[in-house]
Amino acid sequence: MVEQDGATTRQYRGQAHAIAARDVHFDFESVPLHYIPGEVLATHIVNVMHLVLPEGERAMARALAEALPYIDDDRLREEVTGFVGQESTHAGSHEGARNHLRALGLDVDSYVRAIAWLVDRVLGDHGLTGRAREEWLKERLGLFAGMEHYTAVLGEWLLEAEVLESKGMHPTMLDLVRWHGAEEVEHRSVVYDAYMHVDGGYARKARTALLAAATLLPLFIVSTGYLYRKDPSPDKGRFWGLQFINATRRGVIPSWTVFFKEIPRYLRPGFHPSQLGPMDTALRYLAHSPAARSADA
């Protein structure tokens, strides 16, 4: 595997800054089951992060760690190492939220086990060696680069969504999703640059981007439906699909169309994640996140 020359490498060097895991502490003790008041469906959309992300982020971190021997750019190696640390912290924080929700009666253990099995079966290294191992690593990096594009876009939405505060979302959960969203914006270029370094082929980038969209959207919908059915509250309402449409229309959750609208931008020749927009908001939030300040206290 060799580094790909061209615009992507130059853009990476121009934007690069230190990526590192942060010490954070979230106190979930006072968080209710429906922590966005009056918004059961929107709450469960956020809960998908607690179910799906820990296992997915561990798989991503393993793939990036596996790619390190093929990365001979010292700065990119540093960013990848920091990325792996951040993803591990994300997984642990969302597991803490998941454990709290389980204590409130939202039992999702069987679903989490199924997700863990599926991620390991589909995205593991499969014990491959030689050329097959390298090609499968490239494929996973391409897929994860596509997924990271969507998490960065959704991270921007979480940082800017004033509706979450106006709806009275519990401060701890609001801080959790915004801290996570801010770090997604902060490290938005890392997996993409790693992919471009070890492979960089446009055909693989396009194929895996489409696969990322085709995977994430159904996963969010199926997981939301599962959470709604498992919700023990008698007043959760009926017809979660209608609640989903209504919450989207009111802007309480991101529009599902983002999974289609972002494909042309991501696949545009010359695209780089640094073009998504300034990360000033993300960095300011990370500097003042209550969870980070609590960990420092």
Side-chain angles (χ1 to χ4, degrees), residues 3 8-27 49-50 53-97 137 140-141 144-145 147-160 172-198 272-297:
E3 181 175 2
T8 300
T9 301
R10 290 195 297 272
Q11 287 171 328
Y12 170 79
R13 294 183 189 280
Q15 191 193 30
H17 67 283
I19 303 292
R22 295 173 173 85
D23 289 330
V24 289
H25 173 71
F26 296 97
D27 184 359
M49 298 173 68
H50 312 318
L53 287 186
E55 297 305 324
E57 293 191 316
R58 288 192 181 98
M60 196 179 305
R62 286 194 295 268
L64 267 292
E66 188 179 330
L68 275 174
Y70 301 102
I71 298 174
D72 54 12
D73 181 295
D74 289 341
R75 183 61 174 168
L76 182 53
R77 286 179 60 86
E78 178 186 338
E79 299 298 276
V80 167
T81 301
F83 175 92
V84 170
Q86 287 190 347
E87 294 296 274
S88 298
T89 303
H90 295 172
S93 298
H94 285 290
E95 280 191 339
L137 175 60
R140 284 181 289 157
L141 290 177
F144 290 140
M147 290 181 172
E148 281 291 290
H149 177 76
Y150 288 112
T151 58
V153 171
L154 294 174
E156 288 182 342
W157 185 88
L158 288 167
L159 287 168
E160 298 168 359
T172 297
M173 285 300 196
L174 182 61
D175 186 34
L176 172 61
V177 298
R178 285 189 167 167
W179 160 77
H180 188 160
E183 289 203 338
E184 292 297 329
V185 173
E186 181 189 34
H187 67 222
R188 62 194 177 185
S189 299
V190 177
V191 183
Y192 185 90
D193 286 324
Y195 169 72
M196 295 302 291
H197 189 94
V198 302
H272 187 266
S274 60
Q275 299 167 2
L276 287 177
M279 64 170 66
D280 294 358
T281 301
L283 296 180
R284 282 197 300 270
Y285 190 85
L286 291 171
H288 300 287
S289 164
R293 295 203 309 268
S294 176
D296 292 337

So how far is it from M49 CE to S93 OG, rounded to the nearest 0.5 Å? 10.5 Å
Distance in Å, E183 CD paired with L283 CG, rounded so as to fall on 0.5 Å steps: 10.5 Å
Under 3.5 Å, is there a donor-acceptor pair between the side chain of E57 and the main chain of S88? no
Could you point out which residue of V190, V191, I19 forms a side chain to side chain contact (heavy atoms under 4.5 Å, CB included) with V80? V190
Check: H149 ring centre within less than 6.0 Å of Y192 ring centre: no
Under a 4.0 Å threshold between the charged nitrogen and the carboxylate oxygen, would R58 count as salt-bridged to E95? yes
Just to verify, what does L159 make a side-chain contact (heavy atoms from CB on, under 4.5 Å) with, not counting sequence neighbours? R178, A182, V185, T281, A282, Y285
Do E186 and R22 meet the salt-bridge criterion of a basic N to acidic O distance under 4.0 Å? yes
If we count only N and O atoms by modelled type, under 3.5 Å, do the side chains of E184 and H187 hold a donor and an acceptor together? yes
Could you walk me through whether M173 and F26 satisfy the side chain to side chain contact (heavy atoms under 4.5 Å, CB included) test, starting with their C-alpha distance in whole Å, then the side-chain angles of each, then the deciding distance to 0.1 Å, before giving a yes or no? CA-CA 8 Å; M173 285 300 196; F26 296 97; over 6 Å; no
Would the distance check show the side chain of H197 and the main-chain N or O of D193 forming a donor-acceptor pair, the cut-off being under 3.5 Å? no
Main-chain N/O of D27 paired with T172 side-chain donor or acceptor, under 3.5 Å: yes
Minimum heavy-atom separation for A291 to D175, with atom names? N-OD2, 2.8 Å
State, to 0.1 Å, how close T89 and A21 come at their nearest heavy-atom pair, and which atoms those are. OG1-CB, 3.8 Å
Within the 4.5 Å heavy-atom criterion, are H180 and L53 side-chain neighbours or not? yes
Closest non-hydrogen atoms of Q86 and A20, given as atom of the first, atom of the second and distance, are NE2-O, 3.0 Å
Nearest 0.5 Å, what's the CE-OG distance between M196 and S189? 12.0 Å
Can you find a heavy atom in the side chain of R188 that is under 4.5 Å from one in the side chain of E148? no
Aromatic rings H90 and W179: how do their planes relate, parallel, tilted or perpendicular, breaks at 30° and 60°? perpendicular
Interatomic distance, CD@E79 vs CG@L64, rounded to 0.5 Å, equals 11.5 Å
Give me the atom names and distance for the closest heavy-atom approach of A194 to I71. CB-CD1, 4.3 Å
Between R77 and L68, the two heavy atoms sitting closest are NH1-O, 2.6 Å
Correct closest heavy-atom pair for L276 and A152 would be CD1-CB, 3.9 Å
